[in-house]
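One structure below.
From a predicted model like this one, the values you see are computed outputs, not experimental measurements. For ligands, and for the atoms within them, numbers begin at 1 and follow the listed sequence. Starting from 1, each residue takes its place in the sequence as its number.
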Amino acid sequence: MNHPSLRHLIEPEDFTIEEIKKLVSLGEDMYKNPSKYSDICKGQILASLFYEPSTRTKFSFDSAMLRLGGNLVGFADANTSSAKKGESIADTIRVMGYYADIIVMRHPKEGAPKLASMYSEVPVINAGDGGHQHPTQTLTDLLTIQVYKGQLEGHTVAFCGDLKYGRTVHSLIRTMARFKAKKFILISPEELELPSSLKRQLQDQYDIEIQEARYIEEVVEQIDILYMTRIQKERFFNEEDYLKLKNSYILTNDKLENAKEDMIIMHPLPRVNEISYEVDSNKRAVYFEQSKLGVYVRMALISKLLEVGPYARG
Ligand code: CP
């Protein structure tokens, strides 16, 4: 029987705007004062089950749990687990719930973490499922926006690159709509446009202007937040299509000539070649700080789901 207050994070809509704001604000405090929280997860164990490669998400969750005084189990290669022998997600999750207090799962199949949450007696966090959702990247992105722009509401946000398969975009754009973004600018090749169902949802549910463009330079002067993304090679059905599109966007300092002074450039990383290395020293580039902030907002999320520290009951 599941605990009555058991919560999971499968998609950003699982949390209200107020809950997200509180998480972002706690993440900021954890970033500024990490020692205040250094043992709130003492005696608790986080399991990370990564059926797909990761650097930032896997290790920032590990780092977050260790910084909270907790411990870790898990795998970064499903071939070393009994998934290799054909074990189902449902069975794996049932068992891992005996070994850990909270589970973080990345899986190439859309919906796998949702399925896991249905069989789990401990909180499950979606660390990315196929081209679908990446809610903890969204929390990371929101903390970055809060730190660098001072507020989450009212921005003109441009999403550039692979808007079709990019799960970070799918999660963030819906969340920024909930935070009353001023305008979205969608910059992609025709083949990698935002799914039309998501575009329709944004137009029907939220009263936000959407502009589409093929080139960054066409629209750069309007942008408050430029969210660059990698072309998602692993989601393509054939190599030829990927090769045709892989260099669609390469951001250079020239292309930023007319950008606002206080525009920020974000990227969930890893980058391949969509941002030239010369941009790293541009004052607008915040993508490495973004990956650092991911640790602290994940600390906040673990605290919330385990109901410890500021989220302790009674
Ligand atoms: N941003 C992100 O999800 O990176 P990883 O694939 O390295 O976890």
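If you number the atoms of ligand 1 from 1 as listed, the ones under 4.0 Å from a heavy atom of Leu269 come out as 1 (N), 2 (C), 4 (O). Listed by number with element, the atoms of ligand 1 under 4.0 Å from a non-hydrogen atom of Thr55 are 5 (P), 7 (O), 8 (O). Using a 4.0 Å cut-off to heavy atoms of Arg106, the atoms of ligand 1 that qualify are 3 (O), 5 (P), 6 (O), 8 (O). Those atoms of ligand 1 with a heavy atom of Gln137 less than 4.0 angstrom away are 1 (N), 2 (C).
The ring-ring contact (aromatic ring centres under 6.0 Å, His included) pairs that include a residue from residues 177-224 are Phe159-Phe184, where partners are two or more places apart or lie in different chains.
Of all heavy-atom pairs between Ala64 and Val295, the closest is CB-O, 3.5 Å.
A side-chain donor from one of Arg106 and His134 sits under 3.5 Å from a side-chain acceptor of the other. For Gln133 and Asn126, the side-chain atoms include no donor-acceptor pair closer than 3.5 Å.
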Hey, can you pull the donor-acceptor pairs under 3.5 Å for the side chains in residues 87-105, sequence neighbours left out?
from	atom 1	to	atom 2	distance (Å)
Glu87	OE1	Thr92	OG1	2.9
Ser88	OG	Asp91	N	3.1
Asp91	OD1	Arg94	NH1	3.1
Thr92	OG1	Ser88	O	3.0
Asp101	OD2	Ile45	N	2.7

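Here's the thing with Pro53: none of its N/O atoms is less than 3.5 angstrom from an N/O atom of ligand 1. Remark: ligand 1 and Lys58 share no N or O pair separated by less than 3.5 Å (distance only, no angle test).
Classification of Asp29 and Lys36 as a salt-bridged pair holds, one side-chain N sitting under 4.0 Å from a carboxylate O.
Separation of atoms CG (Leu251) and CG (Leu256) is listed at 4.5 Å; rounding is to 0.5 Å.
From the protein, the heavy atom lying nearest to atom 3 (O) of ligand 1 is His134 NE2, 2.8 Å.
Under 4.0 Å from ligand 1, not a single heavy atom of Thr168 appears.
Within the structure, the closest approach of Glu52 to ligand 1 does not fall below 4.0 Å when heavy atoms are considered.
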